[in-house]
Amino acid sequence: DFGDIAVSGVKGGLDVDSDSGDITVRNIEAGSASIDLRSDFGEITLEDAQGNDVEAHSNSGRITFQRIDAAGYMILTSDFGKLVFEKGSAASLVIEANSGSITLTDLVIEGALEAHSDFGAIKIKAHLVEKVRTKTRTLDRFQELLWDDHIGVDIDQRHRGRDAAK
């Protein structure tokens, strides 16, 4: 219930819940199982993990995901705290902050991407990624990404190999 939780090197699904304390999880190979992390009060950090569905919720605390690959959906929510997801992939992504900023960097999202912050900026920093598709398909639904609630959204596209003088 109380105190920090650290988990590393697990093969298989993972379900971690803390009433008060940070959750730090590294090197998880969940395969077709899911990863579910919840903290009432404390930061959640997930690094170098893969699984089917991945979820994290914090009532009060920052959530940081780095190098995470979800074959299914990914959901990150925080009532109060910054949300950061860097270098990863998911079939779909829902990321919501009631009071805190959202930063998404170097991600591949195959389907829907929903990002919402009631009070805080949303920053998306992305490399241009070219994908070759062998089958034609209808355009993926791009659900409401930008709400007109006077919250700023920055979208940066970094191009490799450009002349710095330009």
Handout entry: N/O donor-acceptor pair under 3.5 Å between D53 side chain and Y73 backbone
Key = yes
Completion exercise
d(I23 CD1, I5 CD1) to nearest 0.5 Å is 5.0 Å
Exercise for the section: Work out which heavy atom in S18 is nearest to a heavy atom in G3; give both atom names and the distance. Expected result: OG-O, 3.8 Å
Handout entry: Between D69 and S89, a side-chain donor and acceptor under 3.5 Å
Key = yes
Practice task
Grab the two heavy atoms, one from E29 and one from Q50, that are nearest each other, plus how far apart they are.
Solution key: CA-NE2, 3.4 Å
Handout entry: Heavy-atom closest contact (A33 atom, G12 atom, distance)
Key = CB-C, 4.4 Å
Handout entry: Within-4.5 Å side-chain heavy-atom neighbours: V54 and L46
Key = yes
Practice task
Side-chain contact test, heavy atoms from C-beta onward, threshold under 4.5 Å: evaluate it for I68 versus I35 and give yes or no.
Solution key: no
Problem - Side-chain H-bond candidate by donor/acceptor type, T24 with R26, under 3.5 Å - result: no
Exercise for the section: Find out if a path of hydrophobic residues (ILVMFWY) with successive side-chain heavy-atom gaps under 4.5 Å connects V7 to L76. Expected result: yes
Completion exercise
Heavy-atom nearest pair, M74 first then A90, reads CB-CB, 4.0 Å
Practice task
Determine whether I28 and V16 fall in the same hydrophobic cluster, where Ile, Leu, Val, Met, Phe, Trp and Tyr are linked whenever their side-chain heavy atoms lie under 4.5 Å apart.
Solution key: yes
Exercise for the section: Using the side-chain hydrogen bond (donor to acceptor under 3.5 Å, both in side chains) rule, collect all pairs that involve residues 6-15, keeping only residues at least two apart or in two chains. Expected result: D15-R38
